[in-house]
Amino acid sequence: MITKLFNFHGGVKPDPHKAESADAPIRPAPLPPMLVVPLRQNARSQAHCIVEVGDKVLKGQRVGDAEGMLGTAVHAPTSGTVREVTEHPMAHPSGLSTHCVLIEPDGRDEWVERTPLDYLKAPRAHALAFLRDAGIVGMGGAAFPSHIKLGKGSGIDTLIINGGECEPWITCDDRLMRERAEGIMAGARILFDLIGAKRVVVGIEDNKPEAIDAMRTASAGLEVPAEVVAVPSLYPAGGEKQLIRVLTGIEIPHGKLGSEYGVQCFNVGTALAVHRAINFGEPLISRIVTLTGNVARPANYEVLIGTPVEALLPLAEPRPDTDRFILGGPMMGFALPDLRVPILKGSNCVIAASPALFPSPQPELPCIRCGACARACPADLQPFELYWYARSRNFGKAQEYNLFDCIECGCCAFVCPSHIPLVDYYRFAKSEIWARERDLMASDKARERFEFRNFRQEREKEEKAARLAAKAAETKAKLATREPAEDNLAAVPSTEAEDPKKALIAAALARAKAQKAVVAPRNIDIDTLSPEQQAEIEAIDARRKSSANAPEAPGKAPADSSPPAQVPATESDEATRQ
Amino acid sequence: MIHSPYVRKPASVQTVMLTVLLGLVPGVAAYVWQIGAGILVNLAIAGISALAAEGLILRLRNRPIRPAVTDLSALVTAALVVLCIPPIVPWWLTTLAVFIAIVAGKHLYGGLGQNPFNPAMVAYCTMIIAYPSLMSQWPAAGMLDFDTQLKLILGGARELDAITGATALDTLRTGLRAGTATVESVLQHDNFGFFGGRGWEWIAGAYLLGGLFLLMRGVITWHMPTAFIVALAVVSGIFWLSHPAQFASPAFHLASGGAMLAAFFIVTDPVSGATTPLGKLIFAAGVALIAYLIRVFGAFPDGIAFAVLLMNMCVPLIDMKTQPRVFGHREGPSR
Ligand code: SF4
Ligand code: SF4
């Protein structure tokens, strides 16, 4: 089986900087003095805490139950004592706090009883719930719950295992594939069965020959059609949609899940986690993190989820001129506002940055419309047009030019000779648009409430009239006939009165609906958002809040804008939607 | 807080402009070789004028001067102006043209990146309307020595009509207009070389070379030069094949006037040109068509400058109508 490869448009080749850490084998990170386990593992949902301060917990014991459609369970990464359940800063550009369980390890690292699952015998729904309760989420960064991605178990042709790892500096997936290829393929096998795929394709950038070899060897032992494909090293080839495009030629539009197009994609780390969960009963409590950049000892560590970054950093010995730490890669990551933040399931890399390694950008010049950004954009957008409209706050036009198809990969800003922080403008525009749509929804709700009150008053009047009429009819009937069947007769007019009432209600409802449809946001139908979109909204919203807090908002034009003032409204609005 | 991406390609407006200047080197070298070193004097005058104009207007606009002066874009404009106008115009004409390019063509619209019209072409058109005779004195190859050129540039007496002719294009048209002459007979004039104006063919070839260098360096894409050359060849080919006696061959048109300079250095101006791939093709082909019509049927020696300005006006429309398909927005079902 030879897979024909496809191209995606654009892409860039930043200096890979993989050599620094690629030869550092995975080592277990020492236990930190305190583990900070966030109950909120993805942007959308928060686990329901089921432990109390003072409880003794075992390694792998559940401390948070999955809640909501996108919820997954949360577990104690080691044995110890729950010291606090409190707000703690999160690994997020904003440094916002979320609810966390603080566990002090007892050093014994004692496992809870582990029960594997015979997933082939168990009903499929059971297997998905098992994964949810094992806390399995995408480990490529987005932390999207895997059981949701497994979908309904049919209609998927190709299962893609993503070993692209295209961001510079990061080598955790590379190491994982070199060292634990068997486990990854075992996980791929499980996903293959659960998703009902017809073949497995592992995509790995061709700058990782050792990983490709290891994965080829491991996939040979699989009894399902599996192939390991070397894809050209071109950022962002490891982006999910780009990898799907390269391997299958299929383009997944913005806001759609691969399952609608017959493909689904999981990160190699996720596949391994699935294997550990199903075959060994181990929930997802650790991941590999690359420590690199301006450090004396670049390394790959197996880190317990919840380990504070500040406990991890000394292992790599950052050099003195380090001025900040970037979580994730340099293309899409962000500088940590606070080092107390814990490692999450999607945190793949911490880069020590120095002015020498990551010089501050040169001053921004006007756009010369050179089109370099458009040639680099993997989403085939015209970044300079988006920039122009975002900057002039012409958000309608920006949407017309498909702002929301931008994946914020940073290719455009990477190549721009005028050094314009293009992505910042898009983030700004997106968050502004979301804020406006929220406002619109809020006013919609108010209008609905108002209309409903009018309608209710109307209805009450009608009902009163109907009642009076019925009574009159009843009395009349009684007076007229005085038959024994008077009850039946009396019932007739009242049902008749009921019908116009119903029609009225229906008409009013239809009116309200029609009106709502007219004023509904143009691009986004809030009621039918896909889980991914919702997650995106959350992420963008949090970022918006952060940029409101940030001392320097991006660029000149955004800085002029007044910070969005409707944050509290947003919160309550969300609550009503859930 | 600085946001991602934290790494940037080592690209800058300055390096882009420097590459364009380097791309002009072969053309200028051929110019010196064929026509004379006077062009270098003109380039120097234009360069100084451009920087002075840039500095002056930025000062008036209260904008930082250094980044704009060091980004080299003014020098590119200056060089293009000089290469479009005759090499022996007096110094003040060069200076005036450059000032018009920088001040009226660029800064009146907001400076770098904001101008809807190609500044060098704005300057050329203004000059040819204001000083038609000075702008029509093109020496043929080897006709004037450096001393004479220098004298002319620095404002010596101009008794040139005897020694400098018009361009090959001009000669051809005047010749044809004069009466019953055919292309064949006009081309006997010693203003002509193998394809076009004597000596000018070499320069055209050198521009092509420099243009290929820009292509290689990724400063321009293939769309514009290809569309320009193909369109010019096709339209002149059609006329030539239908009436070979009245219309010059495509080779003549491509080697004459500023065709090659335009193909690689002028229509490719990013700021005032179309930006989408299809848009670029339309834009450059449009310039070639209009330029041909003006060359053959119009009143000016060369039509490229007017053609560029006309097409500049269409750019917003072209760009809007030729937006490329966005990832995942395929027509019809995607499988
Ligand atoms: S790369 Fe920068 S200067 Fe060039 S068109 Fe894009 S935004 Fe403008
Ligand atoms: S950040 Fe957005 S606009 Fe820029 S290259 Fe990536 S997808 Fe295109």
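Lettering follows sequence order; numbering is per chain, from 1.
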Residues Gln382(A) and Pro324(B): closest non-hydrogen pair is NE2-CG, 3.3 Å
Considering all heavy atoms, the nearest Pro5(B)-Gly410(A) contact: CG-O, 3.6 Å
Side-chain donor or acceptor of Ser4(B) paired with backbone N/O of Phe334(A) under 3.5 Å: no
Residue part contacting chain B, namely of Pro363(A), when any heavy atom lies under 4.5 Å: neither
Most heavy-atom pairs under 4.5 Å with chain B, out of Gln242(A), Met332(A), His9(A), Gln362(A), belong to Met332(A)
Flag the pair His3(B) / Val423(A) as yes when at least one side-chain heavy-atom distance between them is below 4.5 Å, and no otherwise. no
Segment of Val16(B) engaging chain A (4.5 angstrom heavy-atom cut-off): side chain
If we only count heavy atoms from C-beta on, is the Tyr6(B) to Arg324(A) side-chain gap below 4.5 Å? yes
By a 4.5 Å heavy-atom criterion (distance strictly below it), what part of Ile407(A) contacts chain B: side chain, backbone, both, or neither? neither
Turns out that what part of Ile420(A) lies under 4.5 Å from chain B's heavy atoms comes down to backbone
Asp319(B) versus chain A, the contacting section by heavy-atom distance below 4.5 Å: side chain
Minimum side-chain heavy-atom gap Pro366(A)-Gln114(B) below 4.5 Å: yes
Which region of Ile368(A), side chain (C-beta onward) or backbone (N, CA, C, O), has a non-hydrogen atom less than 4.5 Å from a non-hydrogen atom of chain B, or is it both or neither? both
Okay, Val415(A) and chain B: the region with an atom under 4.5 Å from a heavy atom over there is both
Rounded to the nearest 0.5 angstrom, the CZ-OG distance for Arg369(A) and Ser272(B) is 8.0 Å
Within the structure provided, determine whether Gln323(B) and Tyr401(A) are in side-chain contact (heavy-atom separation under 4.5 Å). yes
Given that the side chain runs from C-beta out, which part of Ala413(A) has a heavy atom under 4.5 Å from chain B: side chain, backbone, both or neither? both
Most heavy-atom pairs under 4.5 angstrom with chain B, which of Ala353(A), Cys411(A), Ala379(A)? Ala379(A)
Between Asp15(A), Asp405(A), Ile351(A), which shows the greatest number of heavy-atom pairs under 4.5 Å with chain B? Asp405(A)
Where is the tightest heavy-atom contact between Arg325(B) and Asp380(A), given as atom of each residue plus distance? O-CB, 3.2 Å
If you take all heavy atoms of Ala11(B) and His419(A), which pair is closest and at what distance? O-NE2, 2.8 Å
What part of Trp169(A) gets closer than 4.5 Å to chain B, counting heavy atoms only: side chain, backbone, both or neither? neither
